[in-house]
Amino acid sequence: MTVSPPHIETLKSFTDNKGWISTPEDMQVFVTEQRDKYRGTSPLILLPKTAKEVSNILKFCNENQIEIVPQGGNTGLVGGGIPTGDNSQIILNLKRMNKIVSHDRSNSTITVGAGMILANLQQIAEKNEQLFPVSLAAEGSCQIGGNIATNAGGVNVLRYGSMRDQVLGLQMVLANGDIIDDLGGLRKDNTGYNLKALFMGSEGTLGIITAATLKLYPAHRQKETAFVAVETPQKAVELFSLAQKMSGDTLIAFEIMPRIGLEFVIDHMGGRDPMGDKYDWYILIECASSLDETVLDLPRLMGLMVTEGFEKDLIIDGVLPKNQKETDEIWKLRENLSEAQKFEGGSIKHDISVPISKIPEFLEKATAATCAETSGLRPVPFGHIGDGNLHFNLSQPIGADKAEFLNQWERLNKITHDITAELGGSISAEHGIGRMKIEELERYKSPLQINLMRHIKKALDPNAIMNPNIIFRIK
Ligand SMILES: Cc1cc2nc3c(=O)[nH]c(=O)nc-3n(C[C@H](O)[C@H](O)[C@H](O)COP(=O)(O)OP(=O)(O)OC[C@H]3O[C@@H](n4cnc5c(N)ncnc54)[C@H](O)[C@@H]3O)c2cc1C
């Protein structure tokens, strides 16, 4: 359906004069994906301030069959927040709904607008000696609503779970404008289907999340980090088991990175190699506790764990940062890994998960198969090994033509995803499906499950105005 000038004028009238953008220049950051893999066009971007405004917009769009792309911080990596290129979809961005609604300290919950930036929520919690544990490299821009709609993961999933695990309540606006207010903050509620759970990971296809009630935890009073070298992914998995056994629940992050990734970061984004010698694989381990040092000696615990790792021949070298500056430097090496690959030309991405025990087999098979397909290929697998989640990214051969290399995206995806499926894994561990992996989902998910998702969408959004053709084809 074309969005006509009268439609646009009516849509603008549902919010104030700061609540819309309609000039192509000002729209650029909203219609372009971070990695520039997707670009769209839109006749109008709406920035509502209240759930009532969102409701009025959706009701009008539903009656006039105008398609809507919900958008948060636009840091998604699968094109789900970017409109198509035919100027037929409006964007509804939540950035102005960014306030605290309520903060219940005794219940350890906070209710915030969906447009609150993740890092801001972390800071609010910190100021109150509480913790909001979801943490990812895009936290300075991504929004709570986007985090919920993608069920974001990040570095602390192994201790606290993903975004889904933090949500106790949601306010949702359905396609017809109805508002479901379920912000109670209850930890127990068995009153039929958990409808809000449908919105977690829905990627904007069912309605708009306008507010959320989230769990808070006691703040960390101590944190210890180690950066160690291991010989093989198998040793990394064994070290993970050891760390889990010895950490007494304090283990919050266990991240793997290969030598080539470390070199990309140091060469292109700065930083220094924390160890004198070069090794094939590195692990970043972090433990944290809300207990203070008079009750729990966390440096000693980390020291014992690393010593045991050396003695069991799992760790071959390592450093324990002496202060926050050194800790931050080590985290920067991990956080800049994705960005650093840009400087090495084309990079074909995968975001897979397999059972942790299958990580070594996955790496061996996927590396051999993709390198056999493309000579000179440079795999840069890194990520949340403690969750069985790897970003199996493939950098182009040195000197190759970038566009020609990127033409192999689908072929290399298929090889990698076939191996993932054979090992009982998922083709999208944390980034979602968006418009990028629709065909892949059709290949690996059962038709029964995809059809059930279609039926759910039809029940909630019969005119298919909410982000149609994201996750699965609607027609
Ligand atoms: C450098 C970098 C590192 C990253 N690291 C991680 C990581 O470690 N773990 C991880 O999981 N992801 C990671 N991501 C991906 C991304 O940050 C997450 O998917 C994030 O949750 C997206 O939030 P957003 O606000 O930017 O959403 P957007 O990109 O704006 O939107 C994402 C999807 O959610 C929908 N949506 C957004 N807001 C709403 C709403 N209020 N209601 C309904 N639907 C909505 C959109 O339609 C779209 O389909 C990373 C991205 C970058 C750029």
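Numbering of ligands and ligand atoms starts at 1, following listing order.
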Nearest candidate to atom 8 (O) of ligand 1, where distance is taken over non-hydrogen atoms, out of His431, Met163, Met466, Glu430: Glu430

Aromatic centroids of Phe392 and Phe382 separated by under 6.0 Å: no

Any Leu94 heavy atom less than 4.0 Å to ligand 1: yes

Aromatic contact, Phe343 with Phe264 (centres under 6.0 Å): no

Check: Ala149 N/O within less than 3.5 Å of ligand 1 N/O: no

Which of the ligand 1 atoms, numbered from 1, are nearer than 4.0 Å to a heavy atom of Ala152: 11 (O), 21 (O)

Residue portion contacting ligand 1 (non-hydrogen atoms closer than 4.0 Å) for Asn467: side chain

Side chains of His103 and Gln130, donor plus acceptor under 3.5 Å: yes

Minimum-distance protein heavy atom relative to atom 41 (N) of ligand 1: Ile209 O, 3.0 Å

Close-contact set for ligand 1 against Cys142 heavy atoms, below 4.0 Å: 23 (O), 24 (P), 25 (O), 26 (O)

Under 3.5 Å side-chain donor-acceptor pair for Thr23 and Asp26: yes

Electrostatic pair Lys59-Glu63, nearest N-O below 4.0 angstrom: yes

Salt bridge flag under 4.0 Å for residues Glu339 and Lys342: yes

Aromatic plane relationship, Tyr160 with His220 - under 30° parallel, 30 to 60° tilted, over 60° perpendicular: tilted

Pair His350 and His391, ring centroids less than 6.0 Å apart: no

Test of proximity, Gly72 against ligand 1: N or O pairs below 3.5 Å: yes

Protein heavy-atom partner closest to atom 22 (C) of ligand 1 - residue, atom, separation in Å: Thr75 OG1, 3.4 Å

Atom 47 (O) of ligand 1 - nearest protein heavy atom and its distance: Pro70 O, 2.6 Å

Closest to atom 43 (C) of ligand 1 (judged by heavy-atom distance), picking from Gly207, Gly432, Gly145: Gly207

Donor-acceptor side-chain pairing of Asp104 and Thr109 below 3.5 angstrom: no

Residue selection (non-hydrogen contact nearest atom 52 (C) of ligand 1) among Gly76, Ala138, Gly154, Gly81: Ala138

Heavy atom of Ile470, distance to ligand 1 below 4.0 Å: no

Expected output: side-chain Glu430 to main-chain Asn389 donor-acceptor under 3.5 Å: no

Distance-only polar pair, side chains of Thr225 and Glu286, donor-acceptor under 3.5 Å: yes

For atom 6 (C) of ligand 1, the protein heavy atom that lies nearest, with its residue and separation: Leu136 CD1, 3.7 Å

Ring-face cation of Lys414 near Trp409 (centre distance under 6.0 Å, axis angle within 45°): no

Side chain to side chain donor-acceptor pair (under 3.5 Å) partners of residues 71-81, not counting sequence neighbours, each pair once: Gln71-Asn93

Under 4.0 Å to a heavy atom of Ile208 - the qualifying atoms of ligand 1, by number: 42 (N)

Ligand 1 atoms in contact with Gln71 (distance to a heavy atom under 4.0 Å): 30 (O), 37 (C), 38 (N)

Atoms of ligand 1, numbered as shown, that sit under 4.0 Å from any heavy atom of His384: 8 (O)

Sidechain N-carboxylate O distance under 4.0 Å for Lys332, Asp328: no

Side chain, backbone, both or neither: the part of Gln34 lying under 4.0 Å from ligand 1 by heavy atom: side chain

Proximity of Thr150 to ligand 1 by residue part, where a heavy atom lies under 4.0 Å: side chain

Atom 24 (P) of ligand 1 - nearest protein heavy atom and its distance: Gly73 N, 3.4 Å

N or O contact, Gly80 vs ligand 1, cut-off under 3.5 Å: yes

Numbered atoms and elements of ligand 1 in range of Glu203, under 4.0 angstrom, heavy atoms: 35 (C), 47 (O), 49 (O)

Nearest-neighbour protein heavy atom for atom 1 (C) of ligand 1, which is reported as residue plus atom name and distance: Ala137 CB, 4.1 Å

Top protein contact for atom 28 (P) of ligand 1, by heavy-atom distance: Asn74 N, 3.6 Å

With sequence neighbours excluded, residues passing side-chain hydrogen bond (donor to acceptor under 3.5 Å, both in side chains) with Glu361: Lys365

Atom 20 (C) of ligand 1: nearest protein contact (heavy atom, Å): Asn147 ND2, 3.5 Å

Side chain, backbone, both or neither: the part of Glu339 lying under 4.0 Å from ligand 1 by heavy atom: neither

